[in-house]
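The structure under discussion appears below in the form of C-alpha cells.
Positions are given from 1 along the sequence. Counting convention: from 1, in listed order, for ligands and their atoms alike.
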Amino acid sequence: MGKYEAVIGLEVHAELSTATKLFCGCPTTFGAEPNTQTCPVCLGLPGVLPVLNELAVEYAVKAGLALNCKIAGFSRFDRKNYFYPDLPKAYQISQYDLPLAAGGYLEIGPLETPRRIGVTRVHLEEDAGKLVHEGPGTLGRFSLVDCNRTGVPLIEIVSEPDIRSPEEAREYLDNLKNLLEYVEVSDCRMEQGSLRCDANVSIRPAGTEELGTRTEIKNLNSFRAVLKALQYEITRQEELVESGFEVEQETRAWDEARDVTVPLRGKEDAHDYRYFPDPDLVPMALEAGWVERVRCSLPELPRDKKKRFVEGYGLPAYDAEVLTGSQAMADYFERAAQAYKDPKVVSNWVMGELLKYLKAEGLDIAGSPVGPEALREMLGLVDTGTISGKMAKGVFEEMCKTGKSAAMIVKESGLVQITDEIELAAVVDRVVKENPGVVQDYLGGKDKALGYLVGQVMKLTKGKANPQLVNDILQGRLR
Ligand code: ADP
Ligand code: MG
Ligand code: ZN
C-alpha cells in the first residue's frame, strides 16, 4: 500500500427532467406501462425526422455553466452506430467532436482548501431503451424491450482523470448530484436510473505522471457500488501488477451480489462506432446573448451557498454542508433563521429534531408538517420562558404530529412553564422533606445530589418547572 496511486475518471449520465423526449413529443415520466410512451420517431421507424427539444439544450447548457465549462458557440449531433436490441435505430444520436460544453471543473473538499476535478465535456444525447429479462437463468429464457426510455434526453458529463481515490469519486458524485438538483435539470434518482455512472480506473507507481492502462466499470447503480467497485478494482490491479502481470484495457461489470468486478468485453475505441454528423439535424448555433440569459437564470450554487452559510450565519462547516444538501432544505433554514437571534439554534433544530422526524416518516423537507415560521415561533416561546428547552421537544413532536402551532399546543395542554416562585417553593419543600438522605449528602459536600433533587421537582411538575428557578430555590433552602 502507498506504492501505487489510483487514477480515476468518471462518466456520468444524467437524465434531464424535460417533460418530453429529445427529438419527439413523447412524455418522459418514469414507471409507465412498457411501450406506452413511444412514437414512430423514438421507435426509429423508417422515414421519420427528429426535431430538437429546445428546453433540453437549455438544461444541458445550464449544467455546463454550473460546471464552469465554456459553452460552444457552434455544436452539432453525431450518430454513434452500434447494434443492440434496446436501440431500435441501431445508432444513438449523441455528440462527438463538438459537444455543447467543455473545459470546466467541479470543486470537492473543504471550502478553504478545495480540489478542482476537471470536467472534460458535457454533451447532450438520447437514451436507449430498457431490456427486461424474463424467465429463469442469469439472462432469462427471453428478453423484452421497453422503448419508453428510448429518446429521453441525457447529458453525459466526463471528468478528467483527476480523481485519486474511491472516496474522492464518491464526493465528486455527491457534489455533482447536488449541483444538478440545484440547477433543476435532473432529479438524479439513481434508483430510477436517472443518474448513472461509469468509472474508469488505473494505477501508477506513486510519484509518477504517466497514466496506466485503465479499465472501465459499468453497471454501477448506487454511490455505494461506485465506492466498492473502485476499491475492489484498485486492489485487483495492484495484485496483478505486483505478481508481474499487466492490466488489460477492458470494460468490466460490477457484480452487486458478489461484490466483485467481472470482465464484460474488450474496450471499444471511438472508431468502432463510426461516428458521423447526423444529416437529419442541423447544427446548433448558440447566441452569446441567449447563453448569458441562461447564465443569469442560474440559482446560487451549493458551494457558494455553503460559504455564505459559514460566513454570513457563523455556522460550522458541517452544519452548512448538511443544510445546503438541497435547495429546499437551505430555503427552510433561511426562512426559519430570518430575524431570529441565533442561527446556530435554528440549525440545531433543523438538523436534529426536524430531520429526525422527517426521516422516520419518510418525508422530505418540502412535505414537512412544521413550516419554518412555525419553528421560529416555537423557539420564541423558549426564549420568553413560556416553555423550557426540555418541553420544547415535546411541543415540537406534537407540532409535527398535528400540524398545530406551538402556541396552540401550549394553550390546549396547559404546558406553560411554571415560573411562579411560590408554587415551585411548595414542590421544593415536599421534595426536601421526602428525601432527607439526599439532602444530607448535599449538605455533606456532594454537589451532585442537588441535581437529583432538581430532577424530582421536574418529575412532580411533569417537566413544567423552570429548572433554573428550581435550582435557585433549592440552593436557598439548603444553605
Ligand atoms: P472513452 O470515451 O473511450 O471511454 P475517454 O477518453 O472519453 O474514453 O475517457 C473516458 C474517461 O476515462 C474519462 O473520465 C477519463 O478521465 C478517464 N480516463 C482516461 N484515461 C484514464 C486512465 N488512464 N486512468 C483512469 N481514467 C482514465
Ligand atoms: Mg466513454
Ligand atoms: Zn416518441
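Looking at heavy atoms from C-beta onward, Y172 lies in side-chain contact with L106 at the 4.5 angstrom threshold. Side-chain contact check for E246 versus T213: every heavy-atom pair is 4.5 Å or farther apart.
Within 6.0 Å of the OH atom in Y318, the count of heavy atoms belonging to other residues, nucleotides or ligands does not exceed 12.
Across Y275, Y91, Y273, a single residue satisfies ring pair (Phe, Tyr, Trp, His ring centres under 6.0 Å) together with Y96, and that is Y275. When the options K344, K393, R376 are evaluated for a side chain to side chain contact (heavy atoms under 4.5 Å, CB included) with W349, the one that passes is K393. Here the rule is side chain to side chain contact (heavy atoms under 4.5 Å, CB included) with T28, and of Q37, R149, K21 only K21 fits it.
Near V7, meaning under 4.0 Å from one of its heavy atoms, ligand 1 places the atoms 24 (N), 25 (C). Listed by number with element, the atoms of ligand 1 under 4.0 Å from a non-hydrogen atom of L10 are 14 (O). Less than 4.0 angstrom separates some heavy atom of G212 from each of these atoms of ligand 1: 23 (N). Ligand 1 places these atoms under 4.0 Å from at least one heavy atom of L211: 23 (N). Residue E216 has at least one heavy-atom neighbour below 4.0 Å for each of these atoms of ligand 1: 4 (O).
Close placement of the Y313 and F333 rings is indicated, their centers lying within 6.0 Å of each other.
Among V201, N200, I203, D198, the residue whose heavy atom lies closest to atom 11 (C) of ligand 1 is N200. Of all the listed residues (E156, R214, Q249), R214 holds the heavy atom that lies closest to atom 19 (C) of ligand 1. Counting heavy atoms only, V158 comes closest to atom 7 (O) of ligand 1 of the residues V158, T120, V12.
Relative orientation of the F77 and F23 rings is perpendicular, given thresholds of 30° and 60° on the angle between their planes.
In this structure a side-chain-to-backbone donor-acceptor pair under 3.5 Å is present from R204 to E209.
Distances under 2.8 Å from the Zn ion (ligand 3) pick out the protein N/O/S atoms C24 SG, C26 SG, C39 SG, C42 SG.
Atoms CZ and CD1, from R170 and I8 in turn, are 13.5 Å apart once rounded to the nearest 0.5 Å.
With a 4.0 Å heavy-atom cut-off, ligand 1 is reached by the backbone of E160 but not by any atom from C-beta on.
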